[in-house]
Amino acid sequence: MKDLVVNAITTTLLDLKERGVVRLDGGVPAFSVDPPKQAAHGDFAVNVAMMLSKSEGKPPRALAEMLVAGLVDREDVIERIDIAGPGFLNVILKDRAFHDVVRHVARAGAGWGRSGPTGQKILVEFVSANPTGPVHVGHARGTFVGDAIARLLTASGHDVTREFYVNDFGKQTETLGRTVFKRYRELHGESITLVEGEYPAAYVIDIAKTWVASDGDRWMKASVEEALPRAMEIGIRENLRSIKETLALANIEHDVFSSEAALQASGAVKAVVEAYRARGATYEAAIARGTEDGVRNEASKAAHYEDQQLGGTFLKTSEHGDAEDRIILRKDGTPVYLTADLAYHWQKYQRGFDRIINVFGADHGGHVPRLKAGMALLGLDPKRLDVVLVQIVRLLRDGQEVKVSKRKGTVIELRDLIEEVGADACRFLFLMKTANAQIEFDLAAVERQSKDNPVYYFQYGHARCAAILRKAIEKEQPFAGLDVVSAASLARLTLPEEKLLLKKMSMLPEVVAQAANALEPHRVLYFCQELIAEFHSYYSKYSRTERVISDDLELSQGRLALVAALKATLKSAFAILGVDAPEQMTAAADTDDGAFDDAAEGV
RNA sequence: GCGCCCAUAGCUCAGUUGGAUAGAGCGUCGGUUUCCUAAACCGAAGGUCACAAGUUCGAAUCUUGUUGGGCGCGCCA
């Protein structure tokens, strides 16, 4: 619908240029066509006259008048254009333009709001929780945001691969293995003590039980070194199984689980180092170049680990915006975490993705410049790599901060949260906010409010549409269908609220495209909220006077078309967000208090 | 100390990439159901958009500075 206005204005501008009325040196500017806040300002407000003022050397209002006078409206959809304020064009459209929205929705079907295939291959990596424990609430935000971004990009016609990077290599995995082995011995009657850094939480005991069930006491005589590979294997396998179960509960599915251990075993890590050497991007040193002259000072964390810094092979990441060069091989020749990650991302490029998106927690923000610099040093375009940083969620319970720590065993699992409030409600809590703002999250409030969670407002909007369509059948006026509803019926949609609803619905494809472009799923959510609010308001206002279903059959069909189009719009938007669109609301279940109480147990 | 992110109603957050009189939910107060679902709607109260300059027709939005908060600054991952 907005396209109609954009086309008419563009055509008019080009025509005026042809006739020498405007110079249009910079081409047609990227003017805005927006629904104004106030109804008095027409259906769409256009700012093109203000934008052209400087380059044309004429006042905006004069340009606006020239545009109106020379308007070329090939599709015959513009009723009137008012000039207002500093030079806005307030466009009023003919009713026909509104009714075409219904045709659009009908034609698009299940693809309404989505775009055709772009051929672009995009990789979205998200969650990537360490397989040393279950998915906890600290991961929840990145998990839902990542999933919604993947859905958005899919809706925009891109070929999306969803990936989970499994850090099944390194010291933390070893620590997990040691803890599992201790618990295994404990189950066979030994008394054990966990040391600082090992995982005290109960889930490790469950892992050990699984191990006992399959291997019995076979490893009781083995040394730690002998048993460790098996302990790590079991630990990672069980944690990964638990992670996948939780993700399934959250309605999230990954296409690829990429293993760091496999990456290491494949030789890819050594290969990336060789590639850097061949490009002259490395050097051997005891300390990173430049760091002597005060890039680091005593306040830097690095100072506390100086004794572990023995030198080795450095990568010249500072040449591409990183604060300092980074080590990629220790003195003994072993690679560091970054080296593996560089190899991993090199592979992402080699796998043929046009765009690579990582959803990281804000605590990994410092990692981004190194990664991008590392890609640049391989001759790859770092702009193809986008990192969405999801800010920390501060967890509160009744206003008091809750510290979540895997090491202390005070983990609140995402699974518990989902079971308490439901997957859709949980998803909503995290998608309502932009990813790059830190938020607070009161668990007690979530427990209390689980019944009036915002998600139900959305779902009720859809269910209400469904209820009206059911009622029409009951009253023997079943809706004919969006594709066959008559022009005469649609012409009966003349109430201002009805036109507003149609106009709003028509914006869905643009909202989705913009949200995908910005990697901001919450935009779709707020669009739905506005649309539903307008609908409830319309419904209530006319519930006594202008009902959807009346004795006027022609009018009823028109209004049912409005309701059906809205239902289709919501259903499509919900699917893009990963939220269920129910046909009817079931009574809110009673929630028992304190569901988190035993989730945070220590050992 | 340095880098990144943030600051909007009592609370939690939006604000259509610079547009006209800054919004929603929750909370408070008051109203609306013989009716297509009240999980809804209507109204009231509530704001120096942290502060100060600057950029221009126009700033919550862009620039700089100040203040306050978060994250990071490791040869951990």
Side-chain angles (χ1 to χ4, degrees), chain A residues 32 34-38 41 45 47 50 53-54 59-60 84-88 90 130 132 167 169-173 260 288 294-306 308-312 314 323-324 326-332 334 336-338 340-341 361-369 389 391-392 394 432-434 436-442 445 449 451-454 456-457 459-461 463-464 467-472 474-475 507 510-511 514 517-518 522-523 525-527 529-530 533 536-541 543-544 547-550 559 563 584-585 587-588:
Chain A
S32 70
D34 290 317
K37 287 171 204 159
Q38 291 175 65
H41 293 157
N47 70 345
M50 276 109 78
S53 175
K54 187 171 274 182
F88 283 104
N90 291 336
N130 279 351
T132 52
N167 292 121
F169 186 89
K171 282 181 190 165
Q172 291 186 15
T173 346
E260 184 187 349
V295 172
R296 291 177 177 170
N297 61 27
E298 293 87 49
S300 164
K301 224 177 161 185
H304 300 146
Y305 295 92
E306 258 172 2
Q308 295 173 23
Q309 297 169 18
L310 307 172
F314 285 85
E324 64 180 60
R326 305 291 165 180
I327 196 154
I328 52 172
L329 292 180
R330 297 186 186 95
K331 196 165 190 180
D332 63 5
T334 56
V336 299
Y337 171 76
L338 174 65
D341 218 23
D363 53 343
H364 285 61
H367 191 62
V368 177
L389 287 182
Q391 294 295 321
I392 298 296
R394 276 184 78 216
M432 295 235 306
K433 291 104 182 183
T434 52
N436 68 348
Q438 58 215 45
I439 56 171
E440 292 184 356
F441 198 102
D442 196 313
Q449 293 172 7
K451 271 187 273 191
D452 41 48
N453 184 290
Y456 299 121
Y457 183 84
Q459 295 186 324
Y460 177 54
R464 181 171 251 183
I468 294 170
L469 292 167
R470 278 197 303 270
K471 196 73 180 180
E474 209 175 284
K475 293 193 174 180
M507 303 294 282
E510 190 190 342
V511 170
Q514 285 186 347
N517 186 47
H522 77 276
R523 294 183 186 216
L525 193 149
Y526 279 90
F527 168 79
Q529 131 83 23
E530 288 164 16
H536 282 317
S537 181
Y538 159 75
Y539 177 93
S540 302
K541 180 174 176 182
S543 65
R544 287 156 198 258
R547 298 167 69 81
V548 174
I549 305 161
S550 66
R559 288 190 175 144
V563 171
Q584 56 189 329
M585 302 301 282

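Computed from a predicted model, the values in this text were never measured in an experiment. Naming: A, B, ... by sequence-line order, numbering from 1 per chain.
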Of the candidate nucleotides [options], which contains the atom at the shortest distance from the side chain of [X]?
X       : options                : answer
K54(A)  : U56(B), U12(B), U17(B) : U56(B)
K475(A) : C41(B), C36(B), G19(B) : C36(B)
H367(A) : C5(B), U32(B), A77(B)  : A77(B)
N436(A) : A14(B), C42(B), C6(B)  : C6(B)
A362(A) : G19(B), C76(B), C71(B) : C71(B)
S537(A) : A24(B), A14(B), C41(B) : C41(B)
Q172(A) : C36(B), C42(B), C76(B) : C76(B)
R523(A) : A14(B), U17(B), A77(B) : U17(B)
D363(A) : A40(B), G72(B), C36(B) : G72(B)

Quickly work out the K471(A) NZ to C36(B) P distance and round it to whole Å.
->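 These atoms are roughly 5 Å apart.
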List the steps, then state whether side chain to side chain donor-acceptor pair (under 3.5 Å) holds for N167(A) with Q172(A).
-> CA-CA 9 Å; N167(A) 292 121; Q172(A) 291 186 15; over 6 Å; no
Could you check whether H41(A) gets within reach of a base, just the sugar-phosphate, or nothing at all, counting any heavy atom under 4.0 Å?
->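 Base, at least one base atom sits under 4.0 Å.
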Provide the Watson-Crick or G-U wobble partner of [N], both distances under 3.5 Å; none if there is no partner.
N      : result
C4(B)  : G70(B)
C41(B) : G31(B)
C76(B) : none
C26(B) : G10(B)

Chi-angle category of U33(B) [syn within 90° of 0, anti beyond] =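 The base of U33(B) is oriented syn (glycosidic angle within 90° of 0).
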Any chance the side chains of N436(A) and Q391(A) put a donor and an acceptor closer than 3.5 Å?
->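 No, because no side-chain N or O of N436(A) sits under 3.5 Å from a partner of the opposite role on Q391(A).
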Looking just at side-chain N and O atoms, do T132(A) and N130(A) make a donor-acceptor pair shorter than 3.5 Å?
->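 Side chains of T132(A) and N130(A): no pair found under 3.5 Å.
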Would you please classify the geometry between the H367(A) ring and the Y337(A) ring as parallel, tilted or perpendicular, with 30° and 60° separating the classes?
->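 The rings of Y337(A) and H367(A) sit tilted, inter-plane angle from 30° to 60°.
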